[in-house]
Amino acid sequence: MEKIALYRKYRPHDFDNLIGQDHIKNTLINALKSSHVSHAYLFSGPRGTGKTSTARLIAKALNCKKLKEKYNPCGQCEFCKDINDGKLIDLIEIDAASNRGIDEVRDLREKINFAPTRATYKVYIIDEVHMMTKEAFNALLKTLEEPPPHAYFILATTEIHKIPDTIISRCQRFDFKRISENALLDRLKFIVQSEKVDAEKKALEAVTRYVDGGLRDAIGLIEQLTADNKLTFDHVHDVLGISDYDLIEDLYKNLDAGDSKSAFKIIYDLHDQGSDLKKFTFEFINHLRNKLLASINERKNNEIAKLINMIEVFQEAQTKLHTMTIPQLPLEIAVIKIVGLFSEPEKNNIKKNKKPEKETKSEIREHKSIEEIPSNSSTSSKSSNLSFNATSLKENWPRIIERVKSPSLRMSLKNAVPVKVSAPEVTLQFNTKFHKDKVMEHDHRIELEAIIKELTGKPAKILSVLKELEIKPVVDESDTKDNIVDEALDIF
């Protein structure tokens with residue numbers, strides 16, 4: 001007996017078995033009930049979500065002689081059987097990747113006018129239609145807009161943005177969604193039970209997370225990973241590198257509790273077992289995202305802020321996994337940042353009160369420079385001794401520049417000097433108009449005013465002036481007068 005791949009064997013043969021696309025299924029059934037089936041459909045969406053299977057269901061429903069309830073094909077008549085076996089000559093499936101030129105479309109246009117050979121209707125399914133050339137699309141336009149009464153078109157694509165608007169406007173468009181993990185899991189359970197495969201629940205859950213909403217990929221992996229009629233999580237983990245969901249949840253709980261030791265152990269075990277750290281990080285970020293969405297629905301503001309910070313830290317770690325020589329190091333750094341941020345923030349501050357008994361000159365200068373840099377905490381304004389006057393601001397101008405975050409603003413401020421202070425106005429003098437305009441930009445001016453207020457404790461408003469250039473005469477006036485006198489004496 002011929003061996004059939006599982007994804008072909010369990011392809012949906014009626015609308016009841018089309019999972020995860022209820023919005024499309026209901027619309028198509030209503031169209032069949034009212035006999036208002038469109039002459040052209042455009043199916044778009046990720047791979048393995050049922051686009052081609054739905055197109056075949058439409059072909060079966062149009063030609064089936066014994067439609068069941070809910071307008072499901074009977075699956076028993078000659079047309080249904082021939083479509084299931086791929087033998088119906090009036091169902092023409094075209095792969096646009098290999099038939100993408102204008103010559104193929106011209107051939108299609110010539111043959112479309114011929115009446116169906118056996119069935120009631122001809123159905124053209126053009127898969128990966130985005131691969132067609134611009135000329136081929138233009139040649140298809142008229143036929144697509146006004147096909148013969150016996151012909152229907154169903155176009156399928158995974159890249160809808162590559163389809164010309166002129167084609168989209170002539171079709172009824174349906175967007176296929178990624179199938180939810182619960183729907184995938186239910187379908188996989190049904191398949192393994194039908195095939196009498198002893199499958200662990202954790203293994204099926206790992207596969208559903210891995211395929212990202214694609215049913216065909218999930219069924220293919222089940223068939224590939226089943227050995228001796230058994231499907232175990234350990235085998236799935238070894239082949240795909242998928243992490244245990246419990247491990248992901250344990251890492252989150254350890255980070256939330258500030259338990260860095262347990263978090264480090266999880267990362268060490270993952271690396272020691274040869275797990276794919278990139279996939280683990282992706283799964284962990286997705287896990288945090290799900291928790292974030294749940295917290296938003298429940299309006300837990302503290303939880304939202306914490307999860308956003310976790311996501312940002314691990315997103316940064318994920319980008320560094322490609323470049324770090326030590327694979328697990330970015331994840332360990334992420335753990336340090338998160339645990340230090342939420343559990344023990346005081347330990348991250350520099351202790352300035354204690355100094356070694358003996359210090360070299362360079363160490364003394366280093367400590368001095370550290371003490372001079374103002375802290376970003378709210379107490380910095382209280383401990384600062386800056387006065388709100390021109391002399392104090394001019395003397396401490398380097399300290400103010402050091403606190404500026406924007407590099408371009410910092411560079412322009414180096415070319416400025418406080419020349420006049422009259423509360424709350426601070427007038428800066430610039431040598432060039434370029435630096436003056438740069439500092440007076442709204443965001444830059446607000447940042448500088450906030451820094452001055454933080455250091456002095458008083459609100460500030462920044463004004464600017466250009467330095468007047470002194471233009472000296474090319475010829476000295478005293479020399480000119482002396483020359484005139486000498487010339488007069490020579491004349492007389």
Side-chain angles (χ1 to χ4, degrees), residues 181 184-185 188 199-214 217-218 220-222 224-228 230-295 303 305-345 347-348:
E181 290 186 4
L184 277 175
L185 188 60
L188 293 183
E200 296 180 0
K201 184 180 178 182
K202 286 174 61 176
L204 295 177
E205 291 174 347
V207 171
T208 57
R209 295 199 309 271
Y210 182 82
V211 297
D212 193 23
D217 293 344
L221 285 175
I222 292 295
Q224 174 188 342
L225 299 174
T226 299
D228 297 329
K230 292 183 179 180
L231 181 67
T232 63
F233 174 78
D234 291 338
H235 186 49
V236 173
H237 170 74
D238 293 340
V239 176
L240 303 180
I242 299 176
S243 304
D244 188 354
Y245 182 81
D246 295 336
L247 205 62
I248 295 173
E249 180 63 21
D250 289 343
L251 178 59
Y252 169 75
K253 290 179 180 178
N254 291 332
L255 292 175
D256 191 34
D259 187 356
S260 58
K261 183 177 179 181
S262 299
F264 282 137
K265 186 178 185 304
I266 290 175
I267 296 172
Y268 173 80
D269 291 341
L270 286 169
H271 177 67
D272 190 50
Q273 294 168 7
S275 299
D276 191 334
L277 296 180
K278 296 176 186 176
K279 289 180 181 177
F280 173 80
T281 308
F282 170 80
E283 291 175 8
F284 185 68
I285 293 174
N286 191 50
H287 181 65
L288 294 176
R289 172 182 170 271
N290 293 333
K291 287 186 174 294
L292 175 64
L293 296 177
S295 299
E303 192 79 11
K306 178 182 66 176
L307 289 167
I308 288 175
N309 280 311
M310 282 188 180
I311 291 172
E312 290 176 347
V313 171
F314 272 90
Q315 187 66 44
E316 181 183 358
Q318 187 180 38
T319 59
K320 293 180 179 179
L321 283 171
H322 302 274
T323 57
M324 283 287 189
T325 54
I326 302 176
Q328 69 272 29
L329 183 58
L331 298 182
E332 293 170 344
I333 294 175
V335 170
I336 293 170
K337 287 182 178 180
I338 292 174
V339 172
L341 182 60
F342 294 110
S343 298
E344 300 173 347
K347 291 186 178 181
N348 294 328

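To the nearest 0.5 Å, the span separating CD on E181 from CG on N290 amounts to 7.5 Å. Here the straight-line distance linking atom CD of Q328 with atom CD1 of I266 works out to 14.5 Å at 0.5 Å rounding. Rounding to the nearest 0.5 angstrom, the gap separating the NZ atom in K265 from the CG atom in D250 is 10.5 Å. To the nearest 0.5 Å, the span separating CG on D234 from CD on E200 amounts to 6.5 Å. In this structure, CG in L288 is found 11.0 Å from CG in L293, a value given to the nearest 0.5 Å. How far CG of L331 is from CD1 of I326: 12.5 Å, rounded to the nearest 0.5 Å.
In plain terms, the two heavy atoms of E303 and S295 that are nearest each other are CG-OG, 3.2 Å. Among all heavy-atom pairs drawn from P327 and L321, the shortest one is O-CD2, 3.1 Å. The two residues T208 and V211 have their closest heavy-atom pair at O-CG2, 3.5 Å. Minimum heavy-atom separation, A206 to F233: CB-CE1, 3.9 Å. Listed here is the closest heavy atom pair of A263 and N254: N-ND2, 3.9 Å. Smallest separation of non-hydrogen atoms from I267 and E332: CD1-N, 4.1 Å.
Annotation: side chain of R289 is not in contact with side chain of I285 (no heavy-atom distance under 4.5 Å). No side-chain heavy atom of L292 sits less than 4.5 Å from a side-chain heavy atom of M310. Contact of the L270 side chain with the L247 side chain is registered, since non-hydrogen atoms from C-beta on lie closer than 4.5 Å. Within the 4.5 Å cutoff, no side-chain heavy atoms of N309 are placed close to those of I338.
In this structure, Q318 contributes its side chain and T281 its backbone to no donor-acceptor pair below 3.5 Å.
When each of L184, V236, I222 is paired with L204, the side chain to side chain contact (heavy atoms under 4.5 Å, CB included) condition holds for I222 and for no other. Exactly one of F282, F284, Y252 qualifies for a ring pair (Phe, Tyr, Trp, His ring centres under 6.0 Å) with F314. That residue is F284.
A salt bridge does not link K202 with E205: none of the charged nitrogens is closer than 4.0 Å to a carboxylate oxygen.
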> Do H287 and K291 pass the side-chain contact (heavy atoms from CB on, under 4.5 Å) test, and can you show the C-alpha distance, the side-chain angles, and the key distance before you say yes or no?
Replying inline: CA-CA 6 Å; H287 181 65; K291 287 186 174 294; 3.2 Å; yes

